[in-house]
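See structure below.
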Amino acid sequence: MSMRHMVQARGGAAVVVAAALALVLTGCGGGDDDKSTTPQKTSAAPSGGNASAPSPNGGQTPEPTQVLATVSGENGITMVINSAARDAGGFLTVSGQIKNSADKDFTGTAPWRGSELTTGGESVAGATLVDKAGKKRYYVLRDTEGRCLCTTGVSRVKGGATIPFFAQFPAPPAGTTEVDFNLPTFATATIKISG
């Protein structure tokens, strides 16, 4: 067989294999009604912000309906906390929104990552919870590679924009129903725990 015929035969075989593989993968795919319990990591870049805010529950981030606290930061930045929920496995996830009511971009997000060394750049890893009754301070959890279990990629908040955030902590004891949440440059917010 000449070299030209070998190349054509191999090219034809590659097309057949690719088509068969595509057919198999299509047959294995699920529809939108798939109720798989495996969490999927999502990343959303909210309009006007520079943030990656994966949903802690693996699904789409629901529209916030409850406001636990609203606290002011610097230069027109406001933080609204919508949820402080206990999760299976002994975690507490705090989520909400950071709003920039000013006309110009806010770039003072570096303090939000805290002073503890983490990988992943700008984030809200500097957030803490304080259980005053139990006299304990809780820090944002990290994965085995040192990345925070929180919103990352927050290098700025565009003027007039709102970005979602979340931070996951070890859960305080079941008897603790209220904690103080703090993110550097914002006032401390006292919030109620659900679940």
Separation of D131 CG from E178 CD (nearest 0.5 Å):
10.0 Å
L183 and M79: side chain to side chain contact (heavy atoms under 4.5 Å, CB included), yes or no, with the steps?
CA-CA 9 Å; L183 182 63; M79 177 174 55; 4.2 Å; yes
Atom of A125, atom of V140 and distance for their closest heavy-atom approach
O-CG2, 3.7 Å
Check whether any side-chain heavy atom of W112 sits under 4.5 Å from a side-chain heavy atom of I98, and report yes or no.
yes
For K132, enumerate each residue passing the salt bridge (Lys or Arg N to Asp or Glu O under 4.0 Å) test, keeping only those at least two apart in sequence or located in another chain.
D180
Using modelled atom types and a 3.5 Å cut-off, is there a donor and acceptor pairing between side-chain atoms of N100 and backbone atoms of I77?
no
Any side-chain heavy atom of P172 sitting closer than 4.5 Å to one from R86?
yes
Here the gap from T185 atom OG1 to E74 atom CD, rounded to the nearest 0.5 Å, amounts to 4.5 Å
Minimum side-chain heavy-atom gap Y138-T128 below 4.5 Å:
no
Starting at CG of L149, measure out to CZ of F169 and round the result to the nearest 0.5 Å.
10.5 Å
Under the side-chain contact (heavy atoms from CB on, under 4.5 Å) test against L92, which residue among T176, L129, D87 passes?
L129
Give me the atom names and distance for the closest heavy-atom approach of P184 to A127.
CD-N, 4.4 Å
Give the cluster check for I191 versus F91: same hydrophobic cluster or not, with ILVMFWY residues linked at side-chain heavy-atom distances below 4.5 Å.
no
I'd like to know if the side chain of T107 reaches the main chain of R156, judged simply by a donor and an acceptor atom lying under 3.5 Å from each other, with no hydrogens or angles considered.
no
Between CZ on residue F166 and SG on residue C148, distance to nearest 0.5 Å:
7.0 Å
If you compare all heavy atoms of D105 against all heavy atoms of K158, which two are closest, and at what distance to 0.1 Å?
OD1-CA, 3.3 Å
Cluster overlap V130 with F181, hydrophobic side-chain contacts below 4.5 Å
no
If you compare all heavy atoms of A69 against all heavy atoms of T190, which two are closest, and at what distance to 0.1 Å?
CB-O, 4.3 Å
State plainly whether one hydrophobic cluster holds both V124 and F186, where clusters connect Ile, Leu, Val, Met, Phe, Trp and Tyr through side-chain heavy atoms under 4.5 angstrom apart.
yes
Taking V71 as the starting point, is it possible to reach I163 by hopping between hydrophobic residues whose side chains are less than 4.5 Å apart?
yes
Could you verify whether a donor N or O on one side chain and an acceptor N or O on the other, from N82 and S95, lie under 3.5 Å apart?
no
Are the side chains of P170 and L141 in contact, using a 4.5 Å heavy-atom criterion?
yes
Nearest heavy-atom pair of L68 and K192: which atoms, and what distance?
CD1-O, 3.6 Å
Could you tell me which non-hydrogen atom of C150 sits nearest to which non-hydrogen atom of A167, and how far apart they are?
CB-CA, 3.9 Å
